[in-house]
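Some notes on the structure that comes next.
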Amino acid sequence: MTASVSYGLRALPTWSSSVSGDDHCSALAMSVSARGPRSTRPLRTPARMGNVNEGKGIFAPLVVVVRNIVGRKRFNQLRGKAIALHSQVITEFCKTIGADPKQRQGLIRLAKKNGEKLGFLA
């Protein structure tokens, strides 16, 4: 009683057929490996650093003009100093009112979001 069950055009091996030497698995394995791996995931877009609201805030045109006049390297140095000073002001404010470090970090994040919306980070 060596029988194999067929679905469509392919015959699936049964235990008795593999014992008797009719090995359809190797042909099936070759056909699967020839197709290669299939992925159903959508391709991800690469992460992009930068401001989502770039060029959209009220101060964005001014920031772009100053960056073009001063130069990108010098502008980024000045921007870094300004951000550091602003963070120090927020830290001193938090010490004055007795806010914990978690609240201070929240205020710094809020300042960054507001800066992005206003166009300071264009």
Side-chain angles (χ1 to χ4, degrees):
M1 261 217 270
T2 60
S4 62
V5 179
S6 66
Y7 295 100
L9 298 176
R10 293 185 184 159
L12 296 176
T14 62
W15 181 79
S16 60
S17 66
S18 64
V19 171
S20 67
D22 297 335
D23 191 11
H24 299 286
C25 289
S26 62
L28 181 61
M30 288 177 56
S31 68
V32 169
S33 65
R35 284 187 270 168
R38 288 179 46 183
S39 176
T40 57
R41 281 193 204 168
L43 295 176
R44 291 180 61 184
T45 58
R48 184 179 80 101
M49 287 189 63
N51 185 2
V52 176
N53 298 322
E54 189 170 349
K56 295 182 182 177
I58 258 180
F59 296 103
L62 177 66
V63 169
V64 170
V65 168
V66 171
R67 181 177 62 207
N68 290 339
I69 291 172
V70 175
R72 192 173 289 269
K73 183 177 180 181
R74 180 73 178 135
F75 178 79
N76 285 335
Q77 290 172 347
L78 292 172
R79 175 186 277 171
K81 288 180 183 177
I83 291 172
L85 282 173
H86 194 240
S87 294
Q88 287 175 0
V89 169
I90 292 172
T91 300
E92 290 300 319
F93 174 74
C94 288
K95 285 180 183 176
T96 303
I97 64 169
D100 63 350
K102 189 174 181 180
Q103 290 173 327
R104 176 177 112 358
Q105 189 63 34
L107 286 174
I108 290 173
R109 285 191 182 125
L110 180 63
K112 182 180 178 195
K113 286 181 184 176
N114 287 337
E116 286 176 353
K117 288 179 184 175
L118 291 172
F120 286 120
L121 300 177

*Above 12 or not: heavy atoms from other molecules or residues under 6.0 Å from CD1 of Ile97?*
yes
*Might you point out which heavy atoms bring Arg104 and Ile90 nearest each other, and give the distance in Å?*
O-CG2, 4.3 Å
*What is the distance from atom CG of Leu107 to atom NE2 of His86, rounded to the nearest 0.5 Å?*
9.5 Å
*asked:* On a heavy-atom basis, which atom in Leu121 and which in Lys112 lie closest, and how many Å separate them?
replied: CD1-O, 4.0 Å
*Taking all heavy atoms of Val63 and all of Phe75, pick out the closest pair and write down the distance.*
CG1-CZ, 3.5 Å
*Establish whether Leu62 and Leu78 are linked, either directly or via other cluster members, by ILVMFWY side-chain heavy-atom contacts under 4.5 Å.*
yes
*asked:* For Lys113, is there any backbone N or O sitting under 3.5 Å from a side-chain donor or acceptor partner on Glu116?
replied: no
*Which atoms form the tightest heavy-atom contact between Arg79 and Phe120, and what is the distance?*
NH2-O, 3.3 Å
*Val66 pairs by side-chain contact (heavy atoms from CB on, under 4.5 Å) with which of Val64, Ile69, Val70?*
Val70
*Arg109: side-chain contact (heavy atoms from CB on, under 4.5 Å) partners, not counting sequence neighbours*: Gln105
